[in-house]
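This structure is a prediction, so every number in the text was calculated from the model and none was measured. Indexing begins at 1, ligand by ligand and atom by atom, following the structure's order.
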Amino acid sequence: MPVADLLQELESLLGKIDSWNHQYYVLDHPTVPDAEYDRSMQRLVELETQNPHWLRPDSPSQRVGGQPLAQFGQVTHDVPMLSLDNAFNDQDMQDFNRRSLDRLADVTGPLEFACEPKLDGIAVSLLYRGGVLQRGATRGDGATGEDITQNVRTIRSIPLSLRGKGYPEMLEVRGEIYMPKAGFERLNNRARERGEKTFVNPRNAAAGSLRQLDPRITAERPLEMCCYSVGLVKGGSLPDQQARVLERLQDWGFRINSESAVVQGIEACNDYYESLSARRDSLPYDIDGIVFKVNEFQLQEQLGFVSRAPRWAIARKFPAQEEVTRLLDVEFQVGRTGVITPVARLEPVFVGGVTVSNATLHNRDEVDRLDVRIGDTVIVRRAGDVIPQVVSVVIEYRLPHFRRVIFPEHCPVCQSAVEREEGEAALRCMGGLICAAQQKAAIKHFASRRALNVEGLGDKLVEQLVDEGLVSNVAELYTLSKERLLKLDRMGEKSADNILAALQDSKRTTLPRFIFALGIREVGEATALSLARHFGSWPALLASSERQLLDVDDVGPIVADHLRQFFDSLSSLEMVRSLCDAGVGWPDIECAPERDQPLAGQTWVVTGKLETLGRDDAKAYLQTLGAKVAGTVSVKTTCVVAGPGAGSKLAKAEALGIDVVDEESLLALLVAQGIQL
Ligand code: IVH
C-alpha cells in the first residue's frame, strides 16, 4: 500500500479509537462491538510497530504503560490543592449557609449551590499544555505532590489530548481517581484465586494502583477519573460558574459526575444529600459524602479561604461505613444445612448508621486470612443492607496474650462430629436433623414467606417450639394442638388460634413452593421452579434419574447429587409422606417442554432495586424462561429490567436504545408465562 494511504489509515484509526474510548470510558456509552474495537486496535499497533516514527505520545496504544521508574519525582503545585471543611448534620449546613450569607452583603435571596458527590479516591492534578497532557500529580500535602504522569496516562477516562477547541493554553484539571465497585470486586476475586493479598476497600485499591512505580501494573487496574475543578489557567478563560466549568470540561473530553446538580438554597442541599444518601449503595462507585460549592465564582472570590480550606464549599460527610472496635469473642452458629459459621462478638460500635455488636467471620479460611485473635482491635464495615464484616485487624494493638480462634471439633449445639467436606470452605455439623440448630433452621425455612408461608410462625416461636420439645421437624408442625401451644410462655388463646389457622392455610400450596420448602441443599426458589416445571408432579420428580435431573435448566452435577441424596434418604421420604398425610397438597402443573422457553436466545440485564422479587430471583426466573442474564449492558442486550437506584447500566441502555422495563412489567411477564410468584 502507498505510504500516503497507510498514513491516512493511521489517522483514521487514531480518530476512531479515540472517539470510541471517549464514548466508552467517559460517556459510558459504547458504540461499537468489542470485536470491532479489538480489530482496529490491533491494526493500529501493527502500523505503529512497522513504522515506529509514526508513533505519537497521545496514541491510544500508549495506554499500556511505559518503563518502570526508580522513584517518583516531586511536583510543586502552582495553585495549592486545598481540602474541605466538613459538615455532619443539618445544623452544620445551616451554620455554613449563615456564615456565607453574612459575608455576602449584596446577596439577598437564597444562595445557589453546585452539589457534587464526594468520590472516595485519590485527588490528582492533570496539567495540559496546548491541549496535550503534560503531567499528572498527586495532591500530596497540598503544596507538593508526586509526579505520576506515567500512571495517569494509562487511565482511559483521562484524555491524552483535549477534544474540541477553546481550551486555555495552560489548563490544570483536578479531580478524583477512583476504582469502581465492580472493578474492585473483580480485582480482589482474581487476587483471591491466585492466593495473593486482597485490598480492603476500593479507595485503598485505587491508592495502591496509582502508587506503582511500574505503570504496566497501573494499566491493568480498573481506575477511572472524574473531574471536579481547575487549578492553574493561563492563556484562555473559563465560564464564571462551577457547574458551567464542569460542562466545559466535559466538552473537552473529561468525565464528570452525572449526579452533579445545581440547587437554590441550603434546604435544597439537604434534600439532595438525603436523596443521594438513599441511593448511595446502588451507585457504581464509593462516595463518602456530598460536596456543596457556592456556584458563582465571583461570590467564591468574595468569600475567600480560611487556612487550608475555602469558605465557599463544604463536604457533608455520610456516617462512616468503617469503624474500629474490639473483638470480644468468637461464637459458632449452626445453619440449616449444618454449616458452622464463626460470628464475631464485638464491643458495640456505631457504623453505617446503626450500632453493630456482631459481625460474620464467614469461615475458617476467612479467619485464617484475617489472622484475628480474641481481644484484637478490628475494623468493622457495614455498608447498606450488607451484613457487617470484619475487614481487617489493627496489628499494632495486639497484645501477646490474645487467644487464637479455635474451631470446634463437635457441634456446639448437638455435640455431633464436625467435618470439612472436600473442596468446601465450610465446616459442617454431621448431626443432620437430630441437631436442634438444624431443626430450628429447617422449620424457619419451611414456614418462611417464600416457602409454605405460615403467617405468625416467626423465628422466636420456632425456637420456643423446638426448645420445649413440641416440634422437632416440619411434619410435626401439623400435629400441634391448641392445648400444647397454650403451654408456651406468653402464648394467648387468640395467637394460638391464629397459628393453627395459618398452619391450616399453608397446607394448600404449589409444587415449586413445596420443593423449595424442603430445604434440599443448593435448591433455591428458582431451581425448585425449574424442577416443578420440568417434572410436573412430585412422583415424577422422585422417580427421576440423575441424567434426567441434569436435563433441567439450573441443575448441575452438585445439585443433582443433593437431590438424589434427598430422594434416597428414608427419613426424608417419611417426612414428605407425613406432610402429605397431614393434608399438605398442591395441584400438579403442566410440564414445560424445552421449547417452551419464550426468552430463549435473549440476553437480559437486571439493575437497581427490585422491591418484590429481589435481583437474584428476577435473574433466576428470567433464566427459567430461557434468557441469558448478563452483568453488563452491551449492544447484544435484549432488555434491561431497571428498578429504583439504577445508574450507569440504565444510562447505557438508554443511550444504546435498548428496551427498558420496570419490575411491574417483569412481574406481568412472569405471570403471563405461568410462573406462580
Ligand atoms: S473540591 C478547594 N470536589 O475531597 C476545593 N473535592 O477534603 C477542594 N473530593 O482532596 C476540593 N470529590 O480529594 C472537591 N466534587 C469534589 C470532590 C472532592 C471528592 C475530595 C478531594 C479533596 C477532598 C477534600
Side-chain angles (χ1 to χ4, degrees), residues 75 77-88 92 96 100 113-126 136-146 148 152 155 157-158 172-180 201-207 209-211 223-233 238 241-250 254-263 269 272-273 276-277 280 283-297 299-318 320-321:
V75 168
H77 298 296
D78 286 309
V79 180
M81 290 182 80
L82 302 173
S83 61
L84 292 167
D85 262 353
N86 292 328
F88 296 98
D92 294 347
F96 161 66
S100 309
F113 292 100
C115 318
E116 301 165 7
K118 187 168 184 297
L119 286 162
D120 202 5
I122 314 300
V124 290
S125 139
L126 304 174
T138 60
R139 172 173 182 272
D141 62 6
T144 318
E146 282 178 326
I148 51 164
V152 300
I155 298 172
S157 45
I158 295 179
E172 183 199 355
V173 177
R174 294 176 176 179
E176 202 85 349
I177 291 184
Y178 59 98
M179 191 176 286
N201 57 37
R203 203 198 102 84
N204 287 13
S209 303
L210 218 47
R211 223 181 284 120
L223 295 172
E224 281 181 10
M225 159 126 177
C226 199
C227 300
Y228 52 66
S229 70
V230 293
L232 185 73
V233 179
L238 290 174
Q241 290 179 347
Q242 165 68 12
R244 293 248 170 86
V245 167
L246 294 189
E247 281 168 21
R248 192 62 59 86
L249 290 177
Q250 184 173 36
F254 293 96
R255 190 184 177 93
I256 59 167
N257 197 300
S258 57
E259 303 290 344
S260 304
V262 174
V263 304
C269 291
Y272 179 95
Y273 170 86
L276 204 61
S277 169
R280 178 184 184 185
L283 294 176
Y285 41 76
D286 273 351
I287 58 176
D288 58 352
I290 312 286
V291 184
F292 298 99
K293 301 173 181 171
V294 170
N295 197 27
E296 295 282 346
F297 285 151
L299 297 182
Q300 288 192 2
E301 262 163 49
Q302 286 182 46
L303 285 166
F305 299 85
V306 257
S307 64
R308 294 167 50 77
R311 285 206 192 87
W312 43 262
I314 198 149
R316 170 128 188 216
K317 302 292 280 285
F318 291 129
Q321 290 188 319

> Taking C-beta and beyond as the side chain, do Q321 and R280 meet within less than 4.5 Å on heavy atoms?
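Of all side-chain heavy-atom pairs linking R280 with Q321, at least one is under 4.5 Å.
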
> Taking both backbone and side-chain atoms of S83, is any N or O found less than 3.5 Å from an N or O belonging to ligand 1?
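N/O-N/O distance below 3.5 Å does not exist for this pair.
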
> Heavy atom to atom 5 (C) of ligand 1, shortest distance: which of L84, V124, N257, L119 holds it?
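Looking at heavy atoms only, L84 sits closest to atom 5 (C) of ligand 1.
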
> Could you tell me the residue and atom name of the protein heavy atom closest to atom 20 (C) of ligand 1, and the distance to it rounded to 0.1 Å?
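Atom 20 (C) of ligand 1 sits closest to the protein heavy atom E176 OE1, 3.5 Å.
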
> Does a side-chain heavy-atom distance below 4.5 Å link V230 with L249?
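Yes, side chains in contact.
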
> What residue and heavy atom of the protein are closest to atom 3 (N) of ligand 1, and at what distance?
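Nearest neighbour among protein heavy atoms for atom 3 (N) of ligand 1, to 0.1 Å: K293 NZ, 3.0 Å.
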
> Any non-hydrogen side-chain atom of E259 less than 4.5 Å from a side-chain atom of I287?
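With C-beta onward as the side chain, the pair stays apart.
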
> Side chains of Y285 and P202, heavy atoms from C-beta outward: is any pair under 4.5 Å?
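A side-chain contact is absent here, since even the closest heavy-atom pair is not under 4.5 Å.
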
> Any idea which part of M81 is under 4.0 Å from ligand 1, heavy-atom wise: side chain, backbone, both or neither?
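None of M81 does.
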
> Measure from atom 14 (C) of ligand 1 to every heavy atom in Y178, Y228, W312 and give the option owning the shortest one.
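It is Y228 that holds the nearest heavy atom.
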
> Look at atom 23 (C) of ligand 1 and find which of E116, K118, R174, Q300 reaches it with the closest heavy atom.
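Closest candidate by heavy-atom distance is K118.
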
> Report the C-alpha distance between F297 and L238 in whole Å, list the side-chain angles of each, state the deciding distance to 0.1 Å, and finish with yes or no for side chain to side chain contact (heavy atoms under 4.5 Å, CB included).
CA-CA 11 Å; F297 285 151; L238 290 174; 5.7 Å; no

> Does any non-hydrogen side-chain atom of M225 lie less than 4.5 Å from one of L126?
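When only atoms from C-beta onward are counted, M225 and L126 do touch, with a gap below 4.5 Å.
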
> Using a strict cut-off of 4.0 Å, indicate which atoms of ligand 1 neighbour a heavy atom of P310.
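Matching atoms, with element in brackets: 2 (C).
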
> Mind checking whether Y228 and L119 have side chains closer than 4.5 Å, heavy atoms only?
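With C-beta onward as the side chain, the pair stays apart.
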
> With a heavy-atom distance limit of 4.0 Å, tell me whether P117 approaches ligand 1 through its side chain, its backbone, both, or neither.
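Near ligand 1, P117 shows its backbone, while the atoms from C-beta on stay back.
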
> What protein heavy atom lies closest to atom 8 (C) of ligand 1? Include the residue and the distance to one decimal.
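Checked against all protein heavy atoms, atom 8 (C) of ligand 1 sits closest to L82 O, 3.7 Å.
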
